Protein chains: 2
Amino acid sequence: MPTLKEVAKYAKVSITTVSRVMNEADKVNPETRERVQRAMRELDYQPNRVAQRLRTSKGQSKLLGLIIPDIQNQFYSSIVRGVEDVAYGKDYAVILCNSDENPNKERFYLDVLQSESVDGIILPPIHQYSKVVEGLIESGVPVVCVDRKLVREAVDTVVINNVRGGYLAVKHMIDFGHRRIAILTSSSQFSSFEERLAGYKNALQDHNIEPDENLIKEGDPRSTESAYLFTKELLKLHHPPTAIFATNNLMTLGALEAVHEEKLNVPDNISIVGFDDMPWARAISPPLTVIKQPGYEMGRRATELLFQRVEDPKREPVQIIMEPTLIIRKSTGEVK
Amino acid sequence: MPTLKEVAKYAKVSITTVSRVMNEADKVNPETRERVQRAMRELDYQPNRVAQRLRTSKGQSKLLGLIIPDIQNQFYSSIVRGVEDVAYGKDYAVILCNSDENPNKERFYLDVLQSESVDGIILPPIHQYSKVVEGLIESGVPVVCVDRKLVREAVDTVVINNVRGGYLAVKHMIDFGHRRIAILTSSSQFSSFEERLAGYKNALQDHNIEPDENLIKEGDPRSTESAYLFTKELLKLHHPPTAIFATNNLMTLGALEAVHEEKLNVPDNISIVGFDDMPWARAISPPLTVIKQPGYEMGRRATELLFQRVEDPKREPVQIIMEPTLIIRKSTGEVK
DNA sequence: TGAAAAGATGAAAACGTTTTACTTTTTCAA
DNA sequence: TTGAAAAAGTAAAACGTTTTCATCTTTTCA
């Protein structure tokens, strides 16, 4: 790969001039500029981003970091795609990291990203309190939280209104006459699930339904497995639920599998509302009623926020709260 | 962030010595080493990977590039996860790029990756002939092709036996008595789809079934849309097919949606075999019969190949061909 | 006419490492 | 006691940029 030096030699100017031509900064004589540009073309010069990054202090690295729990969760791949797309629009590349909700991995990647001097980092923080992330913010690295919040309010954040998402789902089932509504959710570690559960409880309360602890299942949101097992349990109950609310797309899959295995008809025997409108949701039979959260859009917004902060580090942090929507298909119906 | 210089000062040695302690290379006096290590701990020193990369020539950057068509295609997210996992095991981070099958984007990202001096690049090449990729290989950048081949044989490659995958799927349906079997595939641009189609034809031929051009639909494999439309068409045919083979997971979804919309019963009215064993395949009703390709494993193998090449650039290129498997569930049955 | 301003360019320092080439100190055989 | 070899350490160059500062021309205009 040719370097600045070689281009300079070829164009018979100093490397300073070549650099100037590239960065448009100071004026350089049109003739010289033309000559240099031809040299760059003819040598097929590509600036070395590593050297650029080493030299320039902040906000020029054209690289950003994205840490997500697991790319195999389609909700996160939507976010990733959103991030990628706006990054590409600004000639940025993104380093993608999977944390598996493991604080050590998160820590490791955070170190790596900082050491790569990325211009900024986007992540759903694993813990609502996080010394590491807070430290990062304090040390001036632009950070945007997406999907999950930090307790500290002074961070750019893009989340959805999870309470409302939970409420919408449950209200919809109540309107169909359901009273025994189960929820598959996660342990309270993650703000998003906690909030969805709160929405569930609010909806019940508003309709004078006493929550039944037996219908609240807190499992592992990272796989279909625990939802599958819980659903099996639920269906074996003396008074089984007539409706199930699964609070993410993996858990929805687990619930679906268990329900089908028990040869239950959806929605005649049991109604189901899922979270996340994945491509398969409309393709299956019956098409699935879901709470849709705009993952792709969240990724885009988060990245825009990040770029804004890179440009103006002093800007007041903002919190963007997006609205989930209920998409009614055929997996929910009148209670029999 | 503290630098080598500061550590050196703190430990009262030269920066060379600190560097030596880190890289284990030359011997340094145990006492000094201990002192330096304590200094690094106390200052919480993290080496600057950008500076490291600029200085060291090849194979030390701890960064690799991965270009895929689209992260929202779950098959590719499996690959990505496989790559990530083995990369993480070696303290590598990965830059992820989505090409959208667009040669210009591919080109752009290839330039970026080279300019970031990544240690190597993994990708399913968009074109079987690709000057850009070939140029890269020639210039000594380790490259591994995954999922799709290059015509040039001298590249490390990890693919599955697509011909066999196609054959397996179609043979399975023929065994159930189907004669009119449709295939949803892609234009012949991509080696993988071309091969799956070849497998389809082979199977028909082996069983003395004349291929019917009306049943061969070549569309866009990047979305569910075109498969949906084609399936609608197929079902309206005077002699509609009794079975459909969809050659990737997105197309499977499109087919499924169309079939359900026409209120056809699977497998009583129509049998379906999908490609890719996605998490939803077993959760839907009826559970889907599929050809499974080990995406995660392919990602792993590709990355291992890449690391081997980084360590030994002279190693002869190898081609790993993995075997697809037929997973029989309930979406296929006797022709009525 | 000539001093100041503007315009065009270049030399060299800096970013944080690794590596080369060199110097100092220690060891130990003769 | 000497001195050659081994061990331990350092100074400085290099990687490819950007940026600061300096220099040299040319233009402007009182």
Side-chain angles (χ1 to χ4, degrees), chain A residues 1-37 39-40 43-63 91 111-112 114-119 140, chain B residues 1-37 39-40 43-63 91 111-112 114-119 140:
Chain A
M1 295 226 83
T3 71
L4 257 199
K5 206 162 149 184
E6 300 173 50
V7 174
K9 194 168 171 189
Y10 190 93
K12 300 200 198 316
V13 293
S14 74
I15 61 175
T16 314
T17 304
V18 183
S19 177
R20 283 219 183 88
V21 169
M22 295 194 36
N23 303 310
E24 315 278 326
D26 280 277
K27 342 197 158 229
V28 8
N29 186 313
E31 270 175 40
T32 326
R33 152 161 279 138
E34 178 47 46
R35 188 149 42 91
V36 170
Q37 279 166 340
M40 296 201 294
L43 296 180
D44 190 24
Y45 171 75
Q46 297 282 353
N48 180 321
R49 292 165 65 116
V50 179
Q52 284 182 320
R53 197 142 75 248
L54 177 61
R55 180 55 231 246
T56 59
S57 42
K58 284 263 153 70
Q60 306 270 31
S61 77
K62 298 275 184 192
L63 198 57
D91 283 11
D111 283 347
V112 168
Q114 195 172 10
S115 149
E116 287 286 353
S117 31
V118 295
D119 281 349
Chain B
M1 296 228 84
T3 71
L4 256 199
K5 204 161 151 188
E6 300 173 50
V7 174
K9 193 169 172 187
Y10 190 95
K12 300 201 198 314
V13 294
S14 75
I15 61 177
T16 314
T17 305
V18 182
S19 177
R20 284 226 181 83
V21 169
M22 295 194 36
N23 302 312
E24 316 277 326
D26 280 277
K27 350 202 150 223
V28 10
N29 186 314
E31 269 176 41
T32 326
R33 154 161 274 139
E34 177 49 44
R35 190 149 43 90
V36 169
Q37 279 167 338
M40 296 201 295
L43 295 179
D44 189 24
Y45 171 74
Q46 297 282 353
N48 180 321
R49 291 164 66 116
V50 180
Q52 283 181 320
R53 197 142 77 248
L54 178 59
R55 182 53 232 246
T56 58
S57 42
K58 285 260 152 73
Q60 304 271 31
S61 78
K62 298 274 184 191
L63 198 56
D91 284 9
D111 283 347
V112 167
Q114 195 172 10
S115 148
E116 287 286 352
S117 30
V118 296
D119 281 350

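Note on naming: letters A, B, ... go to the chains in the order of the sequence lines (proteins, then strands), and numbering restarts at 1 for each one. The model shown is predicted, which means the values in this text are computed figures rather than measured ones.
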Inset, instruction - Not counting sequence neighbours, which residues clear side chain to side chain contact (heavy atoms under 4.5 Å, CB included) with Lys12(A)? List them please. - result: Arg35(A)
Legend entry - All side chain to side chain contact (heavy atoms under 4.5 Å, CB included) counterparts of Ser115(B), not counting sequence neighbours: Arg49(A)
Legend entry - B/S/- contact track for nucleotides 9-15 of chain D, protein heavy atom under 4.0 Å: BBBBBBB
Inset, instruction - Would you kindly give the CZ-to-C1' distance between Arg53(A) and dT17(D), to the nearest whole Å? - result: 12 Å
Inset, instruction - Let me know the distance between CE of Met22(A) and P of dT19(D), rounded to the nearest Å. - result: 11 Å
Legend entry - Side-chain donor-acceptor contact under 3.5 Å, Ser19(A) with Thr16(A): no
Inset, instruction - Applying salt bridge (charged side-chain N to carboxylate O under 4.0 Å, His left out), name anything that partners Glu6(A), two or more places apart in sequence or on another chain. - result: none
Check: protein-nucleotides 25-27 of chain C nitrogen or oxygen pairs below 3.5 Å:
none

Legend entry - Considering all heavy atoms, the nearest Leu63(A)-Arg53(A) contact: CD2-NH2, 3.2 Å
Legend entry - Helical bend (five base pairs per end, nearest 10°) for the helix from dT1(C)-dA30(D) to dA30(C)-dT1(D): 60°
Legend entry - Any Gln52(B) side-chain nitrogen or oxygen under 4.0 Å from OP1 or OP2 of dT18(C): yes
Legend entry - Any Tyr45(B) side-chain N or O less than 4.0 Å from OP1/OP2 of dT17(C): yes
